[in-house]
Amino acid sequence: MSNITSEIKFLVELDDNRVPEKLSWTAQDGGIDAEEAKAMMLSIWDSNAQETLRIDLWTKDMPVDEMKIFFHQTLVAMADTFMRATNDEKMTDTMKDFCDYFAEKLELKK
């Protein structure tokens with residue numbers, strides 16, 4: 001029996017000060033090929049150290065208003081993932097309440 005693998009690649013182009021100028025990603029299984037992005041957040045669980053490792057990158061031309069929307073949508077997605085992973089409806093509802101509060105305070109909802 002052979003193992004199936006899937007690869008996701010991130011390419012980060014840096015300026016002379018090592019600040020991201022361009023981000024792109026490829027996930028052939030998902031039909032994504034060198035798709036440009038303005039920001040990314042990646043969390044990886046290190047089971048041995050019992051801690052989360054993170055890569056948070058954004059290009060220097062990422063608009064602040066888009067960053068606020070990106071954060072809101074990421075928080076909502078995290079609440080959905082938390083529900084799928086834990087089936088904890090009460091905490092999921094609490095997280096979604098915070099997402100609504102976050103959007104309201106940043107005036108993201110019209």
Side-chain angles (χ1 to χ4, degrees):
M1 179 165 47
S2 66
N3 290 337
I4 298 171
T5 62
S6 181
E7 186 174 69
I8 300 170
K9 292 182 184 180
F10 299 97
L11 185 67
V12 183
E13 294 181 30
L14 305 171
D15 68 10
D16 292 339
N17 296 316
R18 301 190 59 80
V19 174
E21 279 191 318
K22 188 175 178 185
L23 300 172
S24 61
W25 66 294
T26 299
Q28 290 182 336
D29 285 358
I32 306 295
D33 185 27
E35 191 74 29
E36 195 168 331
K38 294 283 185 195
M40 64 168 274
M41 290 187 215
L42 177 65
S43 297
I44 299 169
W45 179 246
D46 181 334
S47 189
N48 293 328
Q50 291 287 294
E51 65 183 15
T52 302
L53 307 174
R54 294 183 15 233
I55 300 172
D56 301 326
L57 297 173
W58 56 93
T59 59
K60 55 188 176 184
D61 65 342
M62 173 73 169
V64 173
D65 60 330
E66 288 184 25
M67 183 60 91
K68 291 176 180 180
I69 296 167
F70 175 58
F71 261 83
H72 178 254
Q73 291 179 0
T74 300
L75 290 167
V76 170
M78 288 176 66
D80 292 339
T81 301
F82 182 81
M83 179 60 190
R84 285 196 319 275
T86 67
N87 211 28
D88 185 333
E89 290 181 28
K90 189 173 183 183
M91 185 51 68
T92 299
D93 289 344
T94 300
M95 291 170 73
K96 290 201 173 198
D97 286 345
F98 173 75
C99 292
D100 290 342
Y101 173 81
F102 185 92
E104 181 183 316
K105 287 295 178 188
L106 290 179
E107 299 178 350
L108 299 179
K109 302 227 173 169
K110 305 205 167 25

- [ ] Provide the closest heavy-atom pair for W25 versus I32 in the form atom of the first, atom of the second, distance.
- [x] O-CG2, 3.5 Å
- [ ] Using a cut-off of 6.0 Å, state whether more than 12 heavy atoms not belonging to K60 lie near its atom NZ.
- [x] yes
TODO: For M41 and F70, work out which heavy atoms get closest and say how close.
DONE: CE-CE2, 3.4 Å
TODO: Step by step, work out the side chain to side chain contact (heavy atoms under 4.5 Å, CB included) result for E36 and K22.
DONE: CA-CA 7 Å; E36 195 168 331; K22 188 175 178 185; 3.6 Å; yes
Open item on the list: Hydrophobic clusters here meaning ILVMFWY residues chained together by side-chain heavy-atom distances under 4.5 Å, can you tell me if V12 and I8 are in one?
Closed with: yes
Task: Side chain proximity check, D80 to K96, heavy atoms < 4.5 angstrom - done: yes
- [ ] Check the surroundings of atom CE in M40: do more than 12 heavy atoms from other residues, nucleotides or ligands lie under 6.0 Å from it?
- [x] yes
Task: Atom CD of E21 with >12 non-hydrogen neighbours under 6.0 angstrom - done: yes
Task: Test item: W58 and M67 side chains (from C-beta on) under 4.5 Å apart, heavy atoms - done: yes
Open item on the list: Side chains of L53 and S43, heavy atoms from C-beta outward: is any pair under 4.5 Å?
Closed with: no
TODO: Evaluate whether atom NZ of K38 has more than 12 neighbouring non-hydrogen atoms of other residues, nucleotides or ligands under 6.0 angstrom away.
DONE: yes
Open item on the list: According to a hydrophobic-cluster definition based on side-chain heavy atoms being under 4.5 Å apart (Ile, Leu, Val, Met, Phe, Trp, Tyr only), do I44 and L57 belong together?
Closed with: yes
- [ ] With rounding to the nearest 0.5 Å, note down the distance linking CG in L75 to CG in D100.
- [x] 11.0 Å
TODO: Is it possible for you to say whether M62 and L14 belong to one hydrophobic cluster, with membership spreading through side-chain heavy-atom contacts below 4.5 Å?
DONE: no
TODO: For the pair T26 (side chain) and A34 (backbone), establish whether a donor and an acceptor sit closer than 3.5 Å, ignoring hydrogens and angles.
DONE: yes
Task: Atom of C99, atom of V76 and distance for their closest heavy-atom approach - done: SG-N, 3.7 Å
Task: Cluster overlap L23 with V19, hydrophobic side-chain contacts below 4.5 Å - done: no
Task: N/O donor-acceptor pair under 3.5 Å between D15 side chain and N17 backbone - done: yes
- [ ] May I ask you to test the F102-F71 pair for a side-chain heavy-atom distance under 4.5 Å?
- [x] yes
- [ ] Taking Q50 for its side chain and S47 for its backbone only, find out whether a donor-acceptor pair lies under 3.5 Å.
- [x] yes
TODO: Heavy atoms only: give me the nearest K68-L108 pair and the separation to one decimal.
DONE: O-CD1, 3.8 Å
Task: For H72 against A103, the heavy-atom pair lying closest together - done: NE2-CB, 3.5 Å
- [ ] Would you mind listing the cluster partners of M91? Hydrophobic ones only (ILVMFWY), side-chain contacts under 4.5 Å, chaining allowed.
- [x] F82, M95
